[in-house]
Each structure stands twice: as structure tokens, then as C-alpha cells.
Amino acid sequence: VGQINRKHFCFVIDGKNQVQGFLGWALASKEAAEAWVEGRGGLSYAESMQGDCIVFNAWASTGAKVNRLLLHEARKAMTGKEMAYFKRHYKDGTTRPARVAVNEFVGQHLERN
């Protein structure tokens with residue numbers, strides 16, 4: 001609900017008005033994003049409003065085409081940020097924290113689409 005209230009979200013909806021994908025994020029300081037990705041703390045609503053970093057905390061998709069649309073929207077959301085953070089969750093129950101520097105290639109990808 002916080003993502004939607006902050007307008008930090010994107011839905012992919014098909015021609016039958018069915019949701020095919022969802023992307024949600026928060027904006028945060030580097031310190032708050034590092035704590036989140038390492039599992040040392042959550043992000044409060046107030047901490048999720050602004051910052052130099054973006055935390056992707058929801059990504060659901062029905063397939064590759066939807067993933068490409070979500071990736072395009074993620075790149076738009078990343079524009080002007082320093083770092084992007086997310087967690088990969090695996091079927092065996094493990095989780096891997098991930099950090100990606102946002103650089104000029106994000107803008108170049110957007111220009112190509």
C-alpha cells in the first residue's frame with residue numbers, strides 16, 4: 001500500500017484487464033538501502049519518500065515480455081539515482097542481496113526504446 005500511496009509502482013495490464021505484472025519501489029538514502037538489502041532493517045514510509053538510491057522491493061511477472069516492460073519502467077524510475085538495490089529470492093529459500101550502480105547506460109537503454 002505504501003508504494004501505491006507514494007506513486008512508486010507500475011502495473012502491466014493486458015487487453016482483458018488482467019494484471020500481468022507489478023513493480024514496486026522505494027527511494028532511500030544509501031545507509032537505509034544498505035540496511036534493507038542486508039536484512040538489518042526495514043524502510044519506514046518516511047524513509048521511502050526520497051533519496052539517492054532506489055530499492056526495488058516488489059517484482060512479479062507472468063513472462064519475458066512483461067519483464068521487458070517492467071525493466072523499461074524500472075530504468076525510468078532509476079534515472080538520476082546513484083544505486084539500485086533488490087533481493088533475489090530462490091526456490092530453495094535462500095536470498096541474495098543485489099546492488100547495481102546506476103550509470104549512463106540506463107539513459108542509453110531508455111533512448112533506444
Side-chain angles (χ1 to χ4, degrees):
V1 172
Q3 297 163 337
I4 293 171
N5 289 338
R6 292 188 312 268
K7 299 186 179 0
H8 293 167
F9 70 96
C10 173
F11 283 102
V12 176
I13 300 173
D14 67 15
K16 296 179 183 176
N17 215 26
Q18 299 293 309
V19 175
Q20 299 297 316
F22 177 77
L23 172 64
W25 62 88
L27 303 179
S29 67
K30 187 168 187 167
E31 296 77 20
E34 285 288 336
W36 177 84
V37 81
E38 292 175 1
R40 294 184 283 113
L43 292 173
S44 70
Y45 187 88
E47 291 174 311
S48 302
M49 296 293 292
Q50 60 185 356
D52 294 330
C53 300
I54 187 164
V55 172
F56 291 103
N57 52 11
W59 186 300
S61 168
T62 58
K65 288 182 181 180
V66 174
N67 269 334
R68 282 193 293 278
L69 290 170
L70 292 175
L71 182 57
H72 179 76
E73 293 303 314
R75 286 178 175 141
K76 286 183 357 186
M78 284 189 279
T79 301
K81 299 300 173 205
E82 179 183 325
M83 293 284 291
Y85 293 83
F86 57 94
K87 296 178 186 179
R88 295 289 309 262
H89 299 284
Y90 297 97
K91 290 181 182 181
D92 67 2
T94 60
T95 299
R96 181 176 60 90
R99 300 161 181 86
V100 177
V102 179
N103 56 35
E104 69 274 2
F105 295 112
V106 171
Q108 290 172 5
H109 282 286
L110 289 171
E111 289 172 11
R112 286 189 293 185
N113 288 328

(request) Could you check if a side-chain atom of Trp59 sits within less than 4.5 angstrom of a side-chain atom of Leu71, using non-hydrogen atoms only? (result) yes

(request) Kindly give the heavy-atom pair with the smallest separation between Tyr45 and Gly2, and that separation in Å. (result) CE1-O, 3.8 Å

(request) Is it possible for you to say whether Ile4 and Val19 belong to one hydrophobic cluster, with membership spreading through side-chain heavy-atom contacts below 4.5 Å? (result) yes

(message) Within the structure provided, determine whether Ile54 and His8 are in side-chain contact (heavy-atom separation under 4.5 Å).
(response) no

(request) Just jot down the side chain to side chain donor-acceptor pair (under 3.5 Å) partners of Gln20, sequence neighbours excluded, or say none. (result) Asp14, Thr62

(request) Grab the two heavy atoms, one from Thr95 and one from His89, that are nearest each other, plus how far apart they are. (result) OG1-ND1, 3.0 Å

(message) Looking at Lys30 and Gly51, would you say the former's side chain and the latter's main chain have a donor-acceptor pair under 3.5 Å?
(response) no

(request) Check whether any side-chain heavy atom of Lys81 sits under 4.5 Å from a side-chain heavy atom of Leu27, and report yes or no. (result) yes

(request) Measure across Asn57 and Ala26 and return the closest heavy-atom pair with its distance rounded to 0.1 Å. (result) ND2-CB, 4.5 Å

(message) How about CZ on Arg40, more than 12 heavy atoms from neighbouring residues, nucleotides or ligands closer than 6.0 Å, or not?
(response) yes

(message) Using 0.5 Å steps for rounding, measure from the CZ atom of Arg68 to the CG atom of Leu70.
(response) 11.0 Å

(request) Go through the steps to decide whether Arg99 and Glu38 satisfy the test salt bridge (Lys or Arg N to Asp or Glu O under 4.0 Å), and finish with yes or no. (result) CA-CA 10 Å; Arg99 300 161 181 86; Glu38 292 175 1; 2.9 Å; yes

(request) Taking all heavy atoms of Ala28 and all of Leu43, pick out the closest pair and write down the distance. (result) CB-CD2, 4.1 Å

(message) If I compare all heavy atoms of Trp25 with all of Cys10, which pair ends up nearest, and what's the gap?
(response) CZ3-N, 4.2 Å

(request) Taking all heavy atoms of Ala32 and all of Glu47, pick out the closest pair and write down the distance. (result) CB-OE2, 4.4 Å

(message) In this structure, would Val55 and Val37 fall into the same cluster of hydrophobic residues linked by side-chain contacts under 4.5 Å?
(response) yes

(request) Report the residue from Glu31, Glu34, Met83 that forms a side-chain contact (heavy atoms from CB on, under 4.5 Å) with Cys53. (result) Met83

(message) Measuring from atom CG of Leu69 to atom OG of Ser61, what distance do you get when rounded to the nearest 0.5 angstrom?
(response) 8.5 Å

(request) Apply ring-ring contact (aromatic ring centres under 6.0 Å, His included) to Phe11 and list each qualifying residue two or more places apart in sequence or on a separate chain. (result) Phe9, Phe22

(request) Kindly write out the residues that satisfy salt bridge (charged side-chain N to carboxylate O under 4.0 Å, His left out) with Arg6, not counting sequence neighbours, or none if the list is empty. (result) none

(request) Going by the side-chain contact (heavy atoms from CB on, under 4.5 Å) test, name the single residue among Glu73, Met78, His72 that passes it with Arg75. (result) Met78

